[in-house]
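FYI, the numbering just counts along the sequence from 1. No hydrogens, no waters, no symmetry mates; every other heavy atom, side chains included, goes into these values.
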Amino acid sequence: LEQLIVDESPTDEDGVNSDSTTSFAAAFAGLIDYGTDGEGDLSYALVLNDAEGADLGTGLYALDPEAVDGKGDEIVLVDNGDGTISGVAGGETYCTISVNADTGEVTLERNPELNLWHSDEEDHDDAEVLEAAAGTIGLELTVTDADGDTASAVLDLSSGVFRFED
């Protein structure tokens, strides 16, 4: 899958590079079948497996200048209840993932006021990648045919898709 990459280095006219968007619609191309009822609608939604006891860790950590190695609390995923998923640590939102329900375009937006901890202190351009448990973050496509029947499929975005560069 294509990666969504944000960079903590100032790069655009506003001094930040805080979001990245890509479409995953092509990953569902072979699954779209309206059957004999005819064409209806397609809709995309993000799904967070936040069932009780689910591991919502990301493998990403907040930057904590008071910690000896700078490694703060782990960033965990939360369902915002509005179709978006955020990465949160210490009550602060570090990033938000959203989807365009009509196109399947997924956007990763980082909070430009907060930085993540990066494990390689010698590399000033190293990357950290969100590595959640399989099945934690999904992009769900719902296909509705002309008479209202629905079918759904989920693409797992839990690991290796969301990248944060230093």
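- With sequence neighbours left out, the side chain to side chain donor-acceptor pair (under 3.5 Å) criterion links E131 to S159.
- Through side-chain heavy atoms spaced under 4.5 Å, either directly or across other Ile, Leu, Val, Met, Phe, Trp or Tyr residues, W117 is tied to Y61, L63.
- Atom CD1 of I97 and atom CD1 of I85 lie 5.5 Å apart (nearest 0.5 Å).
- You'll find the side chain of L130 reaches within 4.5 Å of the side chain of L77, heavy atoms only.
- Nearest heavy-atom pair, A62 versus Y94, reported as atom, atom and distance to 0.1 Å: CB-OH, 3.1 Å.
- Contact check for L48 versus L56: side-chain heavy atoms found under the 4.5 Å cut-off.
- Rounded to the nearest 0.5 angstrom, F164 CZ and H118 NE2 are separated by 9.0 Å.
- In this structure a side-chain-to-backbone donor-acceptor pair under 3.5 Å is present from N111 to T93.
- Of the possible donor and acceptor atoms, none in the side chain of S20 sits under 3.5 Å from a partner among the backbone N and O of L4.
- The shortest distance between side-chain heavy atoms of Y44 and T103 does not fall below 4.5 Å.
- Applying the side chain to side chain donor-acceptor pair (under 3.5 Å) rule to S43 yields no partners; only residues at least two apart in sequence or on another chain are considered.
- Listed by first and then second residue, the side-chain hydrogen bond (donor to acceptor under 3.5 Å, both in side chains) pairs that reach into residues 71-81 are N80-T84, N80-S86, sequence neighbours excluded.
- At least one side-chain heavy atom of I32 sits less than 4.5 Å from a side-chain heavy atom of L141.
- In this structure, L139 and G104 approach most closely via the heavy-atom pair CD2-O, 4.1 Å.
- L1 and V129 are assigned to two separate hydrophobic clusters, defined by single-linkage of ILVMFWY side chains at heavy-atom distances under 4.5 Å.
- For A153, the side-chain contact (heavy atoms from CB on, under 4.5 Å) test picks out F28, L31, with sequence neighbours left out.
- In the hydrophobic cluster analysis, where Ile, Leu, Val, Met, Phe, Trp and Tyr join through side-chain heavy atoms closer than 4.5 angstrom, L42 is grouped together with V106.
- The salt bridge (Lys or Arg N to Asp or Glu O under 4.0 Å) pairs that include a residue from residues 140-163 are R163-E165, where partners are two or more places apart or lie in different chains.
- The hydrophobic cluster around V78 extends to V88, counting ILVMFWY residues whose side-chain heavy atoms fall within less than 4.5 Å of a member.
- Partners of T150 under the side chain to side chain donor-acceptor pair (under 3.5 Å) rule, at least two apart in sequence or in another chain, do not exist in this structure.
- We find the OG1-CG distance between T144 and D37 to be 11.5 Å, quoted to the nearest 0.5 Å.
- Listed here is the closest heavy atom pair of E2 and V161: O-CG1, 3.8 Å.
- Qualifying side chain to side chain donor-acceptor pair (under 3.5 Å) partners for E128, counting only residues two or more places apart in sequence or in other chains: S119.
- Under the 4.5 Å side-chain criterion, counting only non-hydrogen atoms from C-beta, F162 is in contact with L157.
- For A101, the side-chain contact (heavy atoms from CB on, under 4.5 Å) test picks out no residue, with sequence neighbours left out.
- Annotation for G160 and Q3: closest pair O-NE2, 2.9 Å, computed over non-hydrogen atoms.
- Of the possible polar contacts, one joining the T58 side chain to the I75 backbone as a donor-acceptor pair under 3.5 Å is found.
- No continuous path of hydrophobic side-chain contacts links V154 to L46 [ILVMFWY only; heavy atoms under 4.5 Å].
- For the pair Y34/V143, a side-chain contact is recorded, criterion being any heavy-atom separation below 4.5 Å from C-beta on.
- Rounding to the nearest 0.5 angstrom, the gap separating the CG atom in D41 from the OG1 atom in T142 is 11.0 Å.
- Counting only heavy atoms from C-beta outward, the side chains of N115 and R110 approach each other to under 4.5 Å.
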